[in-house]
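Comments concern the structure below.
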Amino acid sequence: MQEVLEFLKKCGTYYLATVEGDQPRVRPFGTIHQFEGKLYIQTGKVKDVTATISSFTDEPKEFRF
């Protein structure tokens, strides 16, 4: 996990891909944090990506690298 965190921080900007309906969406991110062995990205509640990620499930979100 530490290796992934260091890599993403070194990149500065990384991209998260999602799907809205049948359309791909690729969005840039720049913040990443580690807490209790998990990586967290940060975005605002008013952004479209928040609604997209939230629509997957009510459970905490997990991303695999």
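Worth saying up front: this structure is predicted, and the values here are computed from it rather than measured. Numbers here are sequence positions counted from 1.
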Minimal non-hydrogen separation, D22 against P24, with atom names: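 Shortest heavy-atom separation between D22 and P24 comes out as O-CD, 3.9 Å.
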Greater than 12 external heavy atoms within 6.0 Å of Y40's OH: yes
Within 6.0 Å of CD in E3, more than 12 heavy atoms from elsewhere: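 Atom CD in E3 is not packed in, count stays at 12 or less.
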Tell me whether [X] shares a hydrophobic cluster with [Y], the cluster being built from Ile, Leu, Val, Met, Phe, Trp, Tyr side chains joined at under 4.5 Å.
X   : Y   : value
M1  : I41 : yes
V26 : L16 : no
F29 : F35 : no

